[in-house]
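Below is one structure, written out as structure tokens; the observations come after it.
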Amino acid sequence: MSETPRTPVTPGTPRTPDSSAPRLPERRKNRAPLIVGGALAAAAGLVAATLVVVNLSDASSSEAAADGAEPTVVRIGVSDESLPYWAILQEKAADENITIETVNFTDYLQPNPALADDQVDLNAFQHLRFLAQHRVDTGDDLVPIASTIIVPLGLYSERWESVDEIPEGGEIAIPNDPSNQARALFVLEAAGLVTLTGDEFAPTPADIDTEASRVSVITVDAAQTALSLPSVDGSIINNNFAKDADIDPNSAIFADDPSSAGAQPYINLIVARADEADDPVFERVAELYHDPEVLDSVVESSEGTAVVVEGFSVEDLRDLLAEIETEITAEG
């Protein structure tokens, strides 16, 4: 795969490999609720978690390999082990005496407990909002060590070719986990299909003004959103589940905007246990993920919909995480 020229970016700038992607808004020090309605797709790529176990070595592992040293093992939980960029990362890691093994989980609720329980060393499947919710719910001290991408969250339909065709009283399936459910509702609000009242940060279906809305919603496990598509007027499907169901992510009839003011909570992450977050091997893993060839493959695997996020320091990400947690806690 040819390497695309890349130019430096400043904090808050996502980009595709050709550097033509929209700019993510600059960080706001004091901002209104972090989750707002958007207009193009970008989900955490975060829905159902495939656990990929990755073995990785230290930064000087090329020399270590020459000396016959055993590779350092780093286990990574992911949601998309079959995608080709993991193989590219494996190859680059092998050049540094790093061995990558993959094992799959198909439930978003598994990778964080696996990380907290030392079954894996890192994970790379979730966005900031999802991690914040998990930390509030469980008290697990898991922290980001790097940003990765923003992935589209789209509204798909087998019955209708545009949002305007969806009839009054139509039914839309959305994910039932709190962070993706709230985001799905904001997508429907931005599409003009529902009117939300009450909770401005993390709405639930109870916050839908049914009299003022065109559609109703049903909540299903995120992994079931694609399977529900034939029986509903539309379904909000995370990008990895769309791919698993052979749905072109570019066929979404509506999606949220990764360059909108509300995009930052959906920055995807590489996450570690807090007491090992400064491990130099883990830092090297994050650097290898941001190798141009790996990122080219990440974007290609998303059919060009993923937006690479660079320029956010670890401190920036942890500050954002703390802000989101504060708002989740305030919501009760």
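Positions are given from 1, in the same order as the sequence printed here.
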### Side-chain (Ser213) to main-chain (Thr195) donor-acceptor, under 3.5 angstrom
yes
### Task
Measure the shortest side-chain to side-chain distance between Asn240 and Ser79 over non-hydrogen atoms and say whether it is less than 4.5 angstrom.
yes
#### Entry: Heavy-atom donor-acceptor pair, Ser235 side chain to Thr225 backbone, under 3.5 Å
yes
### Under 3.5 Å: donor-acceptor pair, side chain of Ser147, backbone of Val309
yes
### Task
Indicate yes or no for a side-chain donor-acceptor contact from Thr148 to the backbone of Asn268 under 3.5 Å, with no hydrogens or angles considered.
yes
### Task
Please identify each residue that fulfils side chain to side chain donor-acceptor pair (under 3.5 Å) with Glu287, with sequence neighbours left out.
Arg284
### Query
For the side chain of Asp117 and the backbone of Ala114, is there at least one donor-acceptor N/O pair under 3.5 Å apart?
no
### Query
Any link between Ile253 and Val215 through a network of hydrophobic side chains (Ile, Leu, Val, Met, Phe, Trp, Tyr) touching at under 4.5 Å?
yes
### Query
Can you name the salt bridge (Lys or Arg N to Asp or Glu O under 4.0 Å) partners of Asp233, sequence neighbours left out?
Arg159
### Message
So that I know where these two stand, are Tyr266 and Phe130 an aromatic pair - ring centroids less than 6.0 Å apart?
### Response
no
#### Entry: Partner residues of Glu165 under the salt bridge (Lys or Arg N to Asp or Glu O under 4.0 Å) criterion, sequence neighbours left out
none
### Query
For Arg318, what residues pass the salt bridge (Lys or Arg N to Asp or Glu O under 4.0 Å) criterion, not counting sequence neighbours?
none
### Query
Taking all atoms of both residues into account, what is the closest heavy-atom pair of Trp86 and Ala124, and its distance?
CH2-CB, 4.1 Å
### Task
Sort and list the pairs that fulfil salt bridge (Lys or Arg N to Asp or Glu O under 4.0 Å) and have at least one residue in residues 266-283, not counting sequence neighbours.
Asp118-Arg273, Asp121-Arg273, Arg273-Glu276
### Task
Decide whether Asn112 and Gln126 meet the rule of one side-chain donor and one side-chain acceptor closer than 3.5 Å.
yes
### Message
Strictly distance-based, threshold 3.5 Å: is any side-chain N or O of Asp316 a donor or acceptor partner for the main-chain N or O of Ser313?
### Response
yes
### Query
Side-chain contact, heavy-atom cut-off 4.5 Å: Leu295 with His290?
yes
### Query
Do we see a donor-acceptor contact under 3.5 Å between the side chains of Tyr85 and Asp80?
yes
### Message
Quick check: is Tyr156 connected to Leu227 through a chain of hydrophobic side chains (ILVMFWY, heavy atoms under 4.5 Å apart)?
### Response
no
#### Entry: Residues that Asp248 engages under salt bridge (Lys or Arg N to Asp or Glu O under 4.0 Å), provided they are two or more places apart
none
#### Entry: Lys243 vs Pro249 side-chain heavy atoms within contact, under 4.5 Å
yes
### Query
Hey, quick one: are Phe201 and Leu321 part of the same hydrophobic cluster, counting side-chain heavy atoms closer than 4.5 Å, chains of contacts allowed?
yes
### Query
According to a 4.5 Å side-chain heavy-atom criterion applied to Ile, Leu, Val, Met, Phe, Trp and Tyr, with indirect links allowed, do Ile236 and Val220 form part of one hydrophobic cluster?
no
### Task
Report the residue from Leu155, Leu185, Val217 that forms a side-chain contact (heavy atoms from CB on, under 4.5 Å) with Leu193.
Leu155
#### Entry: Short side-chain donor-acceptor distance under 3.5 Å, Asn176 and Asp221
no
#### Entry: Ile174 and its side-chain contact (heavy atoms from CB on, under 4.5 Å) partner, picked from Leu153, Val187, Leu188
Leu188
### Task
Return the set of residues passing side-chain contact (heavy atoms from CB on, under 4.5 Å) with Ala330 (not counting sequence neighbours), or none when no residue passes.
none
### Query
Can you find a pair of side-chain heavy atoms, one from Ser216 and one from Ile172, that are under 4.5 Å apart?
no
### Task
Taking side chain to side chain donor-acceptor pair (under 3.5 Å) as the test, write out the residues that go with Glu91, two or more places apart.
none
#### Entry: Val314 with Leu288, same ILVMFWY side-chain cluster at under 4.5 Å
no
### Message
Less than 4.5 Å apart, side chain to side chain, heavy atoms only: is that true for Phe312 and Leu320?
### Response
yes
Show me, pair by pair, the donor-acceptor contacts under 3.5 angstrom made by side chains of residues 135-146, not counting sequence neighbours?
from	atom 1	to	atom 2	distance (Å)
Arg135	NE	Glu325	OE2	2.4
Arg135	NH1	Asp141	OD1	3.1
Arg135	NH1	Leu142	O	2.8
Arg135	NH2	Glu325	OE2	3.3
Asp137	OD1	Gln133	NE2	3.1
Asp137	OD2	Gln133	NE2	3.3
Thr138	OG1	His134	O	2.7
Thr138	OG1	His134	NE2	3.3
Thr138	OG1	Asp140	N	3.1
Thr138	OG1	Asp140	OD2	3.3
Asp140	OD2	His134	NE2	2.8

### Query
Quick one: does Arg214's side chain have a donor or acceptor within less than 3.5 Å of a partner on Gly169's backbone?
no
### Query
Of all residues at least two apart in sequence or in a different chain, which pass the side-chain contact (heavy atoms from CB on, under 4.5 Å) check with Ala245?
Ala226, Ile247
### Query
Under 3.5 Å, is there a donor-acceptor pair between the side chain of Asn250 and the main chain of Glu303?
yes
